[in-house]
Each structure stands twice: as C-alpha cells, then as structure tokens.
Amino acid sequence: MRVAIVGAGAVGRSIAGELLGNGHAVMLLEKNGAKVRARAVPGAEWVQADACEVSALEEAQLSTCDVVIAATGDDKANLVVSLLAKTEFAVNRVVARVKDPRNEWLYTEAWGVDVAVSTPRVLAALVEEAVTVGDVVRLMSFRKGAANLTEITLAEDTPWVGRPLRDVPLPRETVLTAILRGERVITPSPDEPLEAGDELLFVMHGDVEEDLQEVLSGRPVG
C-alpha cells in the first residue's frame with residue numbers, strides 16, 4: 001500500500017517505521033521544517049507541507065494514497081486532514097489519532113474518519129483484556145461503533161466448554177475471527193471444540209455485545 005502519514009513527531013515516525021518494515025510505501029507530511037529529518041526514517045518520502053491546505057495535498061498527490069493517517073498532536077488538524085483526505089481526494093481508508101479523549105465524539109464519518117485511535121482507550125482495553133474473564137472487552141471501534149473488535153475470555157463455568165463452535169448461537173452481526181489458545185492462533189471452524197480460557201476475538205455490531213456475553217456465559221447480564 002501507499003500510505004500518507006501527516007505529522008512526523010514520535011508517533012508518526014514510529015508508525016512509518018513499522019509500515020516500511022512491512023513493505024509499504026510511506027510518505028510523511030510535516031509542516032514544521034525542524035521535524036523534517038529524512039535520516040530519522042530511512043526509506044520514507046518526506047514532504048514539508050501544511051496538510052490542512054488543499055493545494056499542499058494536491059502537490060503531494062494525496063489521491064495516489066490508499067490510506068491516510070492523521071497523526072499530529074492537534075485534534076483540530078487531524079480532523080481537517082481526515083475530512084480533506086476523504087472528501088477532496090477520495091482516499092479509501094482514513095485513520096486518525098485522538099489526542100484528547102474528550103474530542104473522540106467528533107471523530108466520525110462526518111469528518112471523514114474511518115478509524116479513530118485513542119491511546120488512553122486502547123491502553124484501558126488492553127488492561128481489561130489481560131485481567132477480565134467472561135466479560136466482553138472492546139478493543140477497537142470502526143465507523144463510530146458500527147462495528148467493533150471485541151474480545152471475551154471463556155470462563156471455566158461456561159456451558160460451551162468441550163462443545164463445537166457450531167453449537168454456539170452467536171447473535172446477529174457477530175463474526176468470530178480468531179481463537180487464541182495459549183501460544184496458538186486458531187482459525188475458527190464449526191468442528192473446533194471450545195476450552196476454558198480461550199480468548200475469542202469477534203468483529204460485531206456494538207448493539208449485540210450484551211447478547212454475546214449472555215450467550216457465552218449462559219446466564220442473563222445485568
């Protein structure tokens with residue numbers, strides 16, 4: 001993929017390094033000339049420009065990018081970049097960093113955002129995922145909750161231990177994507193028997209999270 005990252009601070013440079021390591025083409029756009037340091041991220045294309053200006057994005061040929069990541073430390077700038085990327089340049093995927101969690105409600109499709117990433121929310125979810133058994137933990141939201149990546153760890157007293165996946169009546173708009181068992185990553189199949197301690201990863205609609213918890217726990221929630 002060709003990925004444009006707006007903001008060449010520590011966050012933007014780290015993302016660029018990861019993407020380059022995975023074989024993607026990366027363009028870093030940075031307004032502050034003091035932060036334009038090509039040697040900091042070898043292999044990336046560097047552009048000194050104000051990404052909130054349409055003319056600057058046209059010159060950088062943003063329309064050739066598959067993904068735009070708005071990673072500055074300014075929520076206002078990230079929202080403007082997201083909106084321009086989606087509406088003016090028809091970028092397929094826009095990911096935006098949420099600096100202040102109080103502004104997270106703004107990061108919606110109306111502003112061109114496909115995925116909003118809030119560091120405090122992600123960290124909190126990872127803590128919950130590590131210590132919670134039997135509860136649905138939301139790891140990430142897409143399209144403002146239209147779809148969520150969620151995790152639930154099966155408790156020992158769940159009625160589904162030892163039974164195949166085909167027996168589990170999953171709620172509507174719920175897709176089991178992977179089973180984590182010890183150090184194994186298992187692709188779900190109808191014949192796969194469940195075990196206590198299995199971590200199940202789902203992509204699902206936010207409205208049915210409580211339904212899923214009730215199904216897997218075997219008792220009402222609330």
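The model shown is predicted, which means the values in this text are computed figures rather than measured ones. Every heavy atom of this structure was used, including side-chain atoms; hydrogens, water molecules and symmetry mates were not.
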Can you list every salt bridge (charged side-chain N to carboxylate O under 4.0 Å, His left out) pair that touches residues 46-73, not counting sequence neighbours? Lys31-Asp50
Kindly indicate whether the side chain of Val11, heavy atoms from C-beta on, has any atom under 4.5 Å from the side chain of Ile15. yes
Going by salt bridge (charged side-chain N to carboxylate O under 4.0 Å, His left out), name the pairs with one or both residues in residues 1-23, residues two or more places apart or in two chains. Arg2-Glu45
Minimal heavy-atom distance between Asp114 and Asn92, with the atoms involved, is OD2-O, 3.4 Å
Roughly how far, to the nearest 0.5 Å, is the CG atom of Leu200 from the OG1 atom of Thr150? 9.5 Å
With heavy-atom distances below 4.5 Å as the criterion, would you say the side chains of Ile152 and Leu201 are in contact? no
Taking side chain to side chain donor-acceptor pair (under 3.5 Å) as the test, write out the residues that go with Asp74, two or more places apart. none
Provide the closest heavy-atom pair for Ala4 versus Cys65 in the form atom of the first, atom of the second, distance. CB-SG, 3.7 Å
Run the side chain to side chain contact (heavy atoms under 4.5 Å, CB included) test against Val175 and tell me which residues pass, sequence neighbours left out. Thr177
Tell me, please, which residues at least two apart from Ala196 pass side chain to side chain contact (heavy atoms under 4.5 Å, CB included). Glu156, Val161
Under 3.5 Å donor-acceptor, Thr174 side chain and Leu170 backbone: no
Heavy-atom check, side chain of Val113 versus side chain of Thr108, under 4.5 Å: no
Is a side-chain donor or acceptor of Tyr107 paired with a backbone partner of Gly112 at a separation under 3.5 angstrom? no
Mind checking the OG1-CD1 spacing from Thr187 to Ile179? Nearest 0.5 Å is all I need. 9.0 Å
Shortest non-hydrogen contact between Leu165 and Pro188, atoms and distance: CD1-CB, 3.8 Å
Are the side chain of Thr158 and the backbone of Ala155 linked by a donor-acceptor contact shorter than 3.5 Å? no
Between CG on residue Leu180 and CD on residue Glu199, distance to nearest 0.5 Å: 5.0 Å
Under the rule for side chain to side chain contact (heavy atoms under 4.5 Å, CB included), what residues qualify as partners of Ala16, not counting sequence neighbours? Ile5, Val26, Leu28, Val41
Spacing of Asp167 atom CG and Trp160 atom CH2 [to the nearest 0.5 Å]: 6.5 Å
Is there a side-chain contact between Val168 and Leu216, using heavy atoms and a 4.5 Å cut-off? yes
Of all the heavy-atom pairs spanning Gly12 and Ala71, show the shortest one and how long it is. CA-CB, 4.4 Å
Separation of Arg102 CZ from Asp100 CG (nearest 0.5 Å): 4.0 Å
Qualifying salt bridge (charged side-chain N to carboxylate O under 4.0 Å, His left out) pairs, either residue in residues 169-194, two or more places apart: Arg166-Asp191, Arg181-Glu192, Arg181-Glu195, Arg181-Asp198
Could you list the cluster mates of Val91? Members are the ILVMFWY residues connected by side-chain heavy atoms closer than 4.5 Å, either directly or through other members. Val6, Met27, Leu29, Val47, Val54, Leu57, Leu62, Val68, Val80, Val81, Leu84, Phe89, Val94
Going by side chain to side chain donor-acceptor pair (under 3.5 Å), name the residues that satisfy it together with Thr72, two or more places apart in sequence or in a different chain. Asn78
Who passes side chain to side chain donor-acceptor pair (under 3.5 Å) against Arg39, sequence neighbours left out? none
Is it the case that the side chain of Gln48 and the backbone of Glu30 share a donor-acceptor pair, with hydrogens and angles ignored and the cut-off at 3.5 Å? no
Tell me yes or no: between the side chains of Gln61 and Ser63, is some donor less than 3.5 Å from an acceptor? no
Side chain to side chain contact (heavy atoms under 4.5 Å, CB included) partners for Leu149, two or more places apart: Leu139, Met140, Phe142, Val203
Is any side-chain heavy atom of Asn148 closer than 4.5 Å to a side-chain heavy atom of Glu209? yes
Taking side chain to side chain donor-acceptor pair (under 3.5 Å) as the test, write out the residues that go with Asn103, two or more places apart. Asp75
Give the minimum heavy-atom separation between Pro164 and Pro190, together with the two atoms involved. CB-O, 3.4 Å
Measure the spacing between CE of Met204 and CG of Leu176 and express it to the nearest 0.5 Å. 10.5 Å
